[in-house]
Protein chains: 2
Amino acid sequence: MSRVLVVDDEPPIVRALAINLRARGYEVVTAGDGAGALQQAAAQPPDVVVLDLGLPDLDGVDVITGLRTWTSVPILVLSGRSDSADKVDALDAGADDYVTKPFGMDELTARLRAMLRRNTTAESSATVEFGDVVVDLAATRVTRAGQEVRLTPTEWHLLEVLVRHPGRLLSQRQLLTDVWGPGYETAQGNLRLYIAQLRRKLEPDPSRPRYFRTEPGMGYRFEAGP
Amino acid sequence: MSRVLVVDDEPPIVRALAINLRARGYEVVTAGDGAGALQQAAAQPPDVVVLDLGLPDLDGVDVITGLRTWTSVPILVLSGRSDSADKVDALDAGADDYVTKPFGMDELTARLRAMLRRNTTAESSATVEFGDVVVDLAATRVTRAGQEVRLTPTEWHLLEVLVRHPGRLLSQRQLLTDVWGPGYETAQGNLRLYIAQLRRKLEPDPSRPRYFRTEPGMGYRFEAGP
DNA sequence: GGGCCGGTGTCAGGGTCCTGTCAGGACCCG
DNA sequence: CGGGTCCTGACAGGACCCTGACACCGGCCC
């Protein structure tokens, strides 16, 4: 889950934020002053920063610029000052959002979601791994020990059906209709052929399958692995 | 300069915003209702959207979701409602910021700058490199070993779609609709032609493609390279 | 123990589909 | 009219898919 760095010098506020954010599934790291914030951000790079401007040691804007020298992590500023000039200064220094106290926790978390969404949408790709094989379902790509493995359309389609149901037993009938469409329920020889092909390309020892297992008389089962 | 789409049903507010934004060097496009907003966004894709939630024809959240189906342009919501639930709904629908009326123009423009900064910094790395080829997406220019390479509009369009999804397999159907628009799903001969053209102009050995790979029966894949 | 049988893994061959390539003509624009 | 771009059709080569045949294995009956 996402990691949030909360920077505030008032322990009650830090505590309240931490409890609320953890309850929503975030990992929370805290700092009580500007120096600690910069240190924590370097030690445990967060996915988003919640920063109170009224810190004892550094000016809030300096904390922002300090972070911005090396990271583009989204920064949400909390402040008791609703003065327009303060907002402009913080935003122009590199902050991404500005919320004035008192604030609603729902709004704050909604804004955090919005900031995180923008950063994570691009890179998240659904992958399934087993052994030294990585199956990237979004990119339609398979690698083994880093090397790309070329699959034919039918091989890929069969692999996709299998890895989308890890641990489940899939009958031959179901595999045949999922991969070849209805009407091919009798082409079992075909299914055997492509199972063998997948094992040859992806199993460590194709003659003793570990991930694409045969359940005699029933069907096949994909067993996810470490 | 950046283009801003301002959506509001009250002409005085639209006028005030337009004047202020133009004075700050933005190009301003306006719409008075939700349907017009979606239309304008498609006709003249903006770099950021300023959206009033109180529109006569569509619910503001519907406008956001409508935009989000096909674009990730930053959206700043204006609203007279300071209710926390409204903010959460808009932000979770895909908005990036939420400002309640009355607002200060300085603050608004600062927030716009913050949103644009995030997008342009991401796009300043808008050059894709592979081999001795550099594709500058922002400038619409391709160089190979420093020499400029001339591409026809269709070639460029196809190249752009490919390099914007490095490593991803793109089906012929998707490439055809992305480059030629819907209705050209059968013009596969055409696609082959332009793929060959790109390879001839950009591949070190066009007969053995390295960056624009064919996945027989499935589509094509652009492989970024050192 | 020997033979039979259903189910599975393996191999090779031919048919089919897909892809790369070329030439030729339509179209737009200066 | 000329240059450039785009589209269409045809063909050769290759990749892929399906089919059939055979070997192997375990269980069962005789």
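All values derive from a computational prediction rather than experimental measurement. Per chain, numbering begins at 1; letters A, B, ... match sequence-line order.
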Does the pair A:L21 and A:T109 meet the rule for a side chain to side chain contact (heavy atoms under 4.5 Å, CB included), with working shown? CA-CA 8 Å; A:L21 292 174; A:T109 55; 4.0 Å; yes
Is a side-chain donor-acceptor pair under 3.5 Å present for A:Q147 with A:R144? no
Sequence neighbours excluded, which residues qualify as salt bridge (charged side-chain N to carboxylate O under 4.0 Å, His left out) partners of B:K201? B:E155
Not counting sequence neighbours, list each pair that qualifies as a ring-ring contact (aromatic ring centres under 6.0 Å, His included) and has a residue in residues 3-28 of chain B. none
Looking at B:R118 and B:D96, is there a salt bridge between them, counting it only when a charged N and a carboxylate O are closer than 4.0 Å? no
One thing to verify: whether B:D97 and A:R111 come together as a salt bridge, which I'm taking to mean a side-chain N less than 4.0 angstrom from a carboxylate O. yes
Shoot me the first and last contacting nucleotide of DNA chain C against chain B, ordered 5' to 3', at under 4.0 angstrom to non-hydrogen atoms. C:dC18 to C:dC22
Applying side chain to side chain donor-acceptor pair (under 3.5 Å), name anything that partners A:R3, two or more places apart in sequence or on another chain. A:E27
Quick one: list whatever passes side chain to side chain donor-acceptor pair (under 3.5 Å) with B:D136, sequence neighbours left out. none
Mind grabbing the angle between the end helix axes of the helix from C:dG1-D:dC30 to C:dG30-D:dC1? Five pairs an end, 10° rounding. 20°
Just distance, no hydrogens or angles: give the donor-acceptor pairs under 3.5 Å from side chains in residues 165-175 of chain B, sequence neighbours left out.
residue: B:R168; atom: NE; partner: A:A138; partner atom: O; Å: 3.2
residue: B:S171; atom: OG; partner: B:Q174; partner atom: N; Å: 3.1

Members of residues 177-186 of chain A that approach DNA chain D, where some heavy atom sits under 4.0 Å away: A:W180
Taking atom CG of B:L91 and atom OH of B:Y98, what is their separation to the nearest 0.5 Å? 8.5 Å
Rounded to the nearest 0.5 Å, what's the gap from CD on B:E160 to CG on B:D178? Could you check? 10.5 Å
Assign each of B:R150 and A:L151 to its nearest nucleotide of DNA chain D by heavy atoms, then name whichever residue's nucleotide is nearer the 5' end. B:R150
What heavy-atom pair brings B:A37 and B:L5 nearest, and what distance separates the two atoms? O-CD2, 3.7 Å
Counting only pairs under 3.5 Å, give me each side-chain donor-acceptor contact of residues 209-219 of chain B, with atom names and distances, residues two or more places apart or in other chains.
residue: B:Y211; atom: OH; partner: B:G131; partner atom: N; Å: 3.3
residue: B:R213; atom: NE; partner: B:R210; partner atom: O; Å: 3.2
residue: B:R213; atom: NH1; partner: A:E148; partner atom: OE1; Å: 3.3
residue: B:T214; atom: OG1; partner: B:R199; partner atom: NH1; Å: 3.4
residue: B:T214; atom: OG1; partner: B:R199; partner atom: NH2; Å: 3.2
residue: B:E215; atom: OE2; partner: B:R221; partner atom: NE; Å: 3.2

Quick check on DNA chain C: between B:M218 and A:G219, whose nearest nucleotide comes earlier from the 5' end? A:G219
Counting the atoms with a prime plus P, OP1 and OP2 as sugar-phosphate, which does A:T214 contact under 4.0 Å by heavy atoms, base, sugar-phosphate, or nothing? sugar-phosphate
Residues in contact with DNA chain C, drawn from residues 188-197 of chain A - heavy-atom cutoff 4.0 Å: A:R192, A:L193, A:A196
Rounding to 0.5 Å, atoms CG (B:L158) and CG (B:L151) come to a distance of 10.0 Å
Residue-level proximity of residues 152-159 of chain A to DNA chain D when a heavy atom falls under 4.0 Å: A:T152, A:P153, A:T154
Can you give me every donor-acceptor pair (side chain of residues 182-192 of chain B, partner residue at least two apart or in another chain, under 3.5 Å) with its distance?
residue: B:E185; atom: OE1; partner: B:G183; partner atom: N; Å: 3.2
residue: B:E185; atom: OE2; partner: B:G183; partner atom: N; Å: 3.3

